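To start, the structure under review is shown below, and the notes come after it.
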Amino acid sequence: MKTLVVVTHPDMANSVVNKRWLEELRRYPERYTVHELHQAYPDWQIDVAQEQRLIEAHDNIVLQFPIFWFSSPPLLKKWLDDVLTYGWAYGSRSGYKMQNKKLALAVTAGVRAEDYARDGRYRYSLEEIFRPFEVTAGYVRADYASFFAFYGKEAASDGAVEPLQSHELDRSAQGYQAFLAALN
């Protein structure tokens with residue numbers, strides 16, 4: 001079973017974690033199709049038919065992105081709006097092309113995991129924040145397979161953030177691989 005990883009990061013060149021995850025995925029082209037939306041559509045003009053063919057050719061779909069304002073980057077939202085059309089993704093007998101495909105998220109958060117808790121800074125867990133993705137999966141009859149998250153480090157009072165160590169990045173990439181393997 002091959003997995004389509006739809007990556008939405010507006011500044012991949014300066015990414016640390018998402019870039020490391022992609023390096024790991026690209027080691028296994030027989031397992032993963034890495035599809036970077038900002039590379040494919042710098043003008044944001046999405047080829048809907050091509051995107052639908054990509055989805056149809058895969059059993060698992062993973063949306064990989066950094067969290068932007070407690071959701072996805074805007075190009076991913078546009079992709080969802082444009083690609084998940086009536087008659088293809090839902091709403092007709094010939095629709096539901098995502099039925100029984102697994103849909104999962106792989107996200108990077110710039111803050112600590114404890115910030116996403118009822119008693120944390122944001123008062124809501126990522127499970128709650130990502131509920132719209134879960135509902136969308138149900139609406140198109142895909143199987144929502146939850147998410148894999150990398151939580152960042154809080155900036156110190158002077159605004160400096162301690163750089164990630166290579167072993168932390170490697171451990172994260174290995175955890176991501178294990179999450180993806182469990183989708184099958």
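Since we're looking at a predicted model, the values are computed, not measured. Just the heavy atoms: all of them, side chains too, but no hydrogens, waters or symmetry mates, feed the values below.
- The number of heavy atoms from other shown groups lying within 6.0 Å of NZ (K77) does not exceed 12.
- Looking at K97, its side chain never comes within 3.5 Å of a backbone N or O of I55 through a donor-acceptor pair.
- Ring-centre distance between F148 and W21: below the 6.0 Å cut-off.
- Using a cut-off of 4.0 Å between Lys/Arg side-chain N and Asp/Glu carboxylate O, E36 and R26 are scored as salt-bridged.
- Between K102 and V62, every side-chain heavy-atom pair lies at or beyond the 4.5 Å cut-off.
- For R53 and E56, the salt-bridge test fails: no basic side-chain N is under 4.0 Å from an acidic carboxylate O.
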Run the side chain to side chain donor-acceptor pair (under 3.5 Å) check on Y32 and Q177 step by step: do they pass? CA-CA 11 Å; Y32 309 112; Q177 283 288 331; 3.1 Å; yes
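- A salt bridge does not link E114 to R121: none of the charged nitrogens lies less than 4.0 Å from a carboxylate oxygen.
- Heavy atoms of other residues, nucleotides or ligands lying less than 6.0 angstrom from OH of Y28 number more than 12.
- Within the 4.5 Å cutoff, no side-chain heavy atoms of D59 are placed close to those of T3.
- Taking the six-membered ring for Trp, F70 and Y122 have ring centres closer than 6.0 Å.
- A heavy-atom distance below 4.5 Å is not found between the side chains of H35 and V7.
- The side-chain heavy atoms of N60 and L103, taken from C-beta on, include no pair separated by under 4.5 Å.
- A cation-pi arrangement is present between R141 and Y96 under the rule of less than 6.0 angstrom and at most 45 degrees off the ring axis.
- The pair D81-K78 does not meet the salt-bridge criterion, since no charged nitrogen lies less than 4.0 angstrom from a carboxylate oxygen.
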Step-by-step side-chain contact (heavy atoms from CB on, under 4.5 Å) determination, L75 to H38: CA-CA 8 Å; L75 183 55; H38 281 90; 3.8 Å; yes
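- Taking the six-membered ring for Trp and the full ring otherwise, Y116 and Y124 have centroids separated by 6.0 Å or more.
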Evaluate side-chain contact (heavy atoms from CB on, under 4.5 Å) for V6 paired with E51, printing each intermediate quantity in order. CA-CA 10 Å; V6 178; E51 296 302 305; 5.5 Å; no
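- Distance alone, capped at 3.5 Å, is enough to place a donor-acceptor pair between the T136 side chain and the P132 backbone.
- In summary, the aromatic rings of F65 and F150 are positioned with their centroids too far apart to meet the 6.0 Å limit.
- At distances below 3.5 Å, not a single donor-acceptor pair connects side-chain atoms of S72 with backbone N or O atoms of L76.
- Linking Ile, Leu, Val, Met, Phe, Trp and Tyr whenever their side-chain heavy atoms come within less than 4.5 Å puts L80 and W69 in one cluster.
- L37 places none of its side-chain heavy atoms less than 4.5 Å from the side chain of H9.
- Judged purely by distance below 3.5 Å, without hydrogens or angles, the side chains of S146 and E127 never pair a donor atom with an acceptor atom.
- In this structure, L183 CG and R31 CZ are separated by 12.5 Å, a value rounded to the nearest 0.5 Å.
- Note on R27 versus E24: salt bridge recorded, some NZ/NE/NH1/NH2 to OD/OE distance being below 4.0 Å.
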